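Working notes, structure below.
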2 protein chains.
Amino acid sequence: MKANRPSAPTLRDIAEAVGVHTTTVSRALNPRTQNQVGADTVRRVRKAAKDLGYQPNPIALSLRTSRSRTVGLVIPDITNPLFPPIVRGIESALEAGGYSGWIVNTDNDPQRERKLIESLRSRQVEGLIVATARLEHPLLAELHAAGVPLVLVNRRVEGIDVPCVTADDAAGVSAAVAHLAGLGHTRIAHLAGPQTTSTGAARARAFRHAVRDLGLSDEPGLVVECAQWSEEAGASAARSLLDARTDVTAVVAGNDLIALGCYDVFGERGIDCPGDISVVGFNDMPFLDKLRPPLTTVHVPHHDVGVEAARMLLDGIEDPERPARSMLLPVSLVVRGSTAPR
Amino acid sequence: MKANRPSAPTLRDIAEAVGVHTTTVSRALNPRTQNQVGADTVRRVRKAAKDLGYQPNPIALSLRTSRSRTVGLVIPDITNPLFPPIVRGIESALEAGGYSGWIVNTDNDPQRERKLIESLRSRQVEGLIVATARLEHPLLAELHAAGVPLVLVNRRVEGIDVPCVTADDAAGVSAAVAHLAGLGHTRIAHLAGPQTTSTGAARARAFRHAVRDLGLSDEPGLVVECAQWSEEAGASAARSLLDARTDVTAVVAGNDLIALGCYDVFGERGIDCPGDISVVGFNDMPFLDKLRPPLTTVHVPHHDVGVEAARMLLDGIEDPERPARSMLLPVSLVVRGSTAPR
DNA sequence: TTGTACGCGTTATCAC
DNA sequence: GTGATAACGCGTACAA
């Protein structure tokens, strides 16, 4: 910031005020080293520090120690309503641990992602929470191999042993399918998320298992993959589904945005939801209860996802040898107005 | 991060590789000083830098220069759907200027805000974009007096001359009222945002002017203040409004969240919207078009708000003497299903 | 045109 | 228990 404020007091200022060496001040102020210095000196130093309003300079500290008490948050797009609650959870847990987070948006562009992560590393972030993982993700493998503490949220990566925090996708999809089956639906479709993401693949797999277990139709045509986790991609997949099959009475969408894409197509084609077709989403984004119709969906505890991810990362930073444990957070079906009996 | 990667190359490494002094390398790499060094040396240095994959260390640079190419974003809560698009706009403009942004959430807690801003300053952020401003805001006045480059988004502060980027609240409210009047409504109420914020005050004032100009009822009872810009506060204000007046046929809400609060109360009391009462929001948050009913609202170009704010801040950082210019961004009424003829 | 010397604020490592 | 010194990576007067 501007320099025309009286520049912040440093260790040296305190040292002069107290009449000791800067080293002594440093030790007196550092909880880990204050036993190396006389109790009385500690008192005087701390008092002077308080009086002068001393604040340690994180830049200098970072330069000296190569640590920053900061972690990077790698998000595809903060504009996606899924992420703000997760970020909020992450930040509250980081704050509790004395850390803070630096957010970057990758726009799902691998080049951009690489650049941004490079810049985070040069800022000495001590670890990364990554929400952009794809099943094949060489960059993450590199980072992992380089020993960078890493936690994945909402995603997994194949072949590397990195801790991750995800929702229980299989349970969520099962609950959704069971709910629809209970309502009498027998030809249920799945608008799957991108199969390049672990989440997309896991939910699609869970869907196939669920319909088979319940003895429902499991023809391949009932699963359509969306190119993105977006409303547009969901709409376009919904169009191809409905063009190919006229007998579908219920849809399990890969996530809420994809479900919104269905709503768009229903509007275009005059399809009544839930009268003609029922829809279930996934995630329970904010405000779904106020949609027309209110969207039945699978609730994911996003704040908790963030909290757990941050805790895991801090644990990993503290003890790099700690084995990578993953965490599956429980989900719950929230029944609203977009599902109805057949 | 972990140190077990081959630590990043420094000026010294390049100097050794090329066989010159680090100073020379520094000068050769710095566009501003590279004319002080032989053209051939520049070439060799740059080549070596590229070969070694040299990246300047922002920490060391920051320590040396007291600059960080970083600005702070002070947001009440990133979870409010209003902010992500603004943040996105800010970041894209910052990136274009070679800067990046550090986001903090204040939770509207002044103590917390003070602490967080202190921490941002100690990280040498070069300026602040603030979305938490209240009309009375001593902290901001202090910062301004201290010469900290500041830009306000969505808000103004009284008594200090700080640049701000806001939507044209008056025009938006006028358009909303005119729209309702055109539909035949004569008793229009306003659920105002907190009058401690410039936005709340400006919209309330604009509302009074608009109803008076159109010759509609302007009894004081038709304006109710909400304690917060939130769905809950909106609902509670809507309840007191409807308890006191049974003749209201239309509501201009202070923002979309307050409008959602109205929806809640309509649900509780079996009021049909827009059949019994019409509602207009403000902001055009994402997904309002899918509500039940789709919310008529005033569209604010949030991304542009962010872009302009960031540009203004960078201008102010570059030239601290530049006079504080404010910017009013045009808004437009988006008519959807929550408003109907009387 | 290039090199020397020093400082930014902090901590690690010796010495006393 | 305390002090002196060096070092982190970089920029900049000043000297050569």
Side-chain angles (χ1 to χ4, degrees), chain A residues 1 3 5-46 48-49 52-70 119 121-124 126, chain B residues 1 3 5-46 48-49 52-69 119 121-124:
Chain A
M1 290 220 189
R5 55 171 167 160
S7 55
T10 70
L11 287 185
R12 183 146 46 239
D13 298 323
I14 302 180
E16 281 172 16
V18 179
V20 295
H21 200 266
T22 55
T23 307
T24 307
V25 177
S26 168
R27 283 195 280 245
L29 259 27
N30 187 328
R32 217 184 56 250
T33 51
Q34 67 168 299
N35 50 356
Q36 305 173 17
V37 48
D40 184 58
T41 316
V42 169
R43 264 200 330 93
R44 284 158 53 221
V45 166
R46 307 219 124 170
L52 295 177
Y54 170 77
Q55 294 288 116
N57 182 326
I59 306 277
L61 200 151
S62 208
L63 179 61
R64 186 65 186 88
T65 61
S66 301
R67 300 190 54 180
S68 62
R69 303 234 127 207
T70 290
S119 116
R121 296 193 73 187
S122 72
R123 287 195 152 88
Q124 316 271 39
E126 296 179 31
Chain B
M1 293 221 186
R5 56 169 167 158
S7 55
T10 70
L11 288 185
R12 183 149 46 240
D13 297 323
I14 302 180
E16 280 172 17
V18 178
V20 295
H21 201 266
T22 55
T23 307
T24 308
V25 176
S26 168
R27 283 194 278 245
L29 258 29
N30 188 328
R32 218 183 55 251
T33 51
Q34 66 166 300
N35 50 357
Q36 305 171 18
V37 50
D40 184 57
T41 316
V42 170
R43 263 200 330 94
R44 283 159 54 220
V45 167
R46 308 219 122 168
L52 294 177
Y54 171 77
Q55 295 288 114
N57 181 326
I59 306 275
L61 202 150
S62 207
L63 181 60
R64 186 67 187 84
T65 61
S66 299
R67 300 190 55 181
S68 61
R69 302 234 127 208
S119 115
R121 296 193 72 188
S122 72
R123 288 193 150 89
Q124 316 272 38

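Here the structure is a predicted model, which is why all the values come from computation and not from measurement. Residue numbers begin at 1 in each chain, while the letters A, B, ... track the order of the sequences.
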Looking for any heavy atom pair under 4.0 Å, which part of the strands does S62(A) touch: base, sugar-phosphate only, or nothing?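 If one applies the 4.0 Å heavy-atom cut-off, S62(A) turns out to touch nothing in the nucleic acid.
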Can you give one letter per nucleotide of nucleotides 7-16 of chain C, 5' to 3': B if a protein heavy atom sits under 4.0 Å from the base, S if only from the sugar-phosphate, - if neither? BBBBBBB---
Report the end-to-end axis angle of the helix from dT1(C)-dA16(D) to dC16(C)-dG1(D); each axis comes from five terminal pairs, and the value is rounded to 10°.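 Nearest ten degrees gives 50° for this helix.
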Within the distance-only criterion (no hydrogens, no angle test), does the side chain of R46(B) pair as donor or acceptor with the backbone N or O of L29(B) below 3.5 angstrom?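 Present.
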Is E126(A) reaching over with its side chain to a backbone N or O of R69(A), donor-acceptor style, under 3.5 angstrom?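 Side chain of E126(A) to backbone of R69(A): a pair is present.
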Using 0.5 Å steps for rounding, measure from the [atom1] atom of [X] to the [atom2] atom of [Y].
{"X": "T33(B)", "Y": "N35(B)", "atom1": "OG1", "atom2": "CG", "value": "7.0 Å"}
{"X": "R64(A)", "Y": "N57(A)", "atom1": "CZ", "atom2": "CG", "value": "14.5 Å"}
{"X": "S62(A)", "Y": "Q124(A)", "atom1": "OG", "atom2": "CD", "value": "5.0 Å"}

Mind listing the closest non-hydrogen atom pair of A15(A) and T22(A) along with its distance?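 So the two residues come closest at CB-N, 3.7 Å.
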Compare every heavy atom of L11(B) with every heavy atom of S26(B), then report the nearest pair and how far apart it is.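 It is CB-CD1, 3.8 Å.
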With salt bridge (Lys or Arg N to Asp or Glu O under 4.0 Å) as the rule and sequence neighbours excluded, what pairs involving residues 12-27 of chain A come up?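 Every candidate salt bridge (Lys or Arg N to Asp or Glu O under 4.0 Å) pair involving residues 12-27 of chain A fails, so no pair, neighbours aside, qualifies.
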Listed partners of R43(B) passing salt bridge (Lys or Arg N to Asp or Glu O under 4.0 Å), at least two apart: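 Listed in chain order: D40(B).
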Restricting to side chain to side chain contact (heavy atoms under 4.5 Å, CB included), what partner residues turn up for A17(B), sequence neighbours left out?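 Here the qualifying residues are L52(B).
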Nucleotide range of DNA chain D lying under 4.0 Å from chain A heavy atoms: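 Reading along DNA chain D, I get dG1(D) to dG9(D).
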